[in-house]
Amino acid sequence: PTRRGCRLLRALGAVTAWWRRPVEARLETTVALRASVPADRLLVAESGIGQPADVERLKAAGVGAYLVGTAFMGAEEPGERLSELFFSRP
């Protein structure tokens, strides 16, 4: 992100994993930018979440909220997919 983008991220505490062209979702982007977001902000991970391990990794990095779309849109039973992602035991 640009310097201005990083200032905005710090103010909002939202990090999107979408990066570059062609667009690709990378959880590493969210994890790497964690240090730029003040501790008193709720860090929201946007995009790139498809497996329970992704949620665990982001949780360990200090992410407090998740925006998930694609993983649910392609699921036959979105509610079951939600349970798999966020409530399954590793």
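Keep in mind that the numbers below use all heavy atoms, side chains included, and drop hydrogens, waters and symmetry copies.
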Q. Hey, are the side chains of Ile49 and Leu58 touching, using non-hydrogen atoms and a 4.5 Å cut-off?
A. yes
Q. Roughly how far, to the nearest 0.5 Å, is the CD atom of Glu76 from the CZ atom of Arg81?
A. 13.0 Å
Q: Would you sort out whether Thr30 and Val63 count as a side-chain contact (heavy atoms from CB on, under 4.5 Å), showing the intermediate values?
A: CA-CA 9 Å; Thr30 303; Val63 173; 4.0 Å; yes
Q. Can you check whether Val37's main-chain N or O pairs, donor with acceptor, with Arg34's side chain at less than 3.5 Å?
A. yes
Q: Return the minimal non-hydrogen interatomic distance between Leu27 and Arg57, and the atom names on each side.
A: CB-NH1, 3.9 Å
Q | Shared hydrophobic cluster for Phe72 and Val55 (ILVMFWY, side-chain gaps under 4.5 Å) | A | yes
Q. Heavy atoms, side chains only, cut-off 4.5 Å: are Glu56 and Asp54 in contact?
A. no
Q) Which pair of non-hydrogen atoms, one from Ala75 and one from Pro78, has the smallest distance, and what is that distance? A) O-CD, 3.9 Å
**Q.** Where Ala71 and Gly50 come nearest, the two heavy atoms and their spacing
**A.** CB-CA, 4.3 Å
Q.
With a 4.5 Å cut-off on side-chain heavy-atom distances among I, L, V, M, F, W and Y, is there a chain of contacts connecting Leu82 to Tyr66?
A. yes
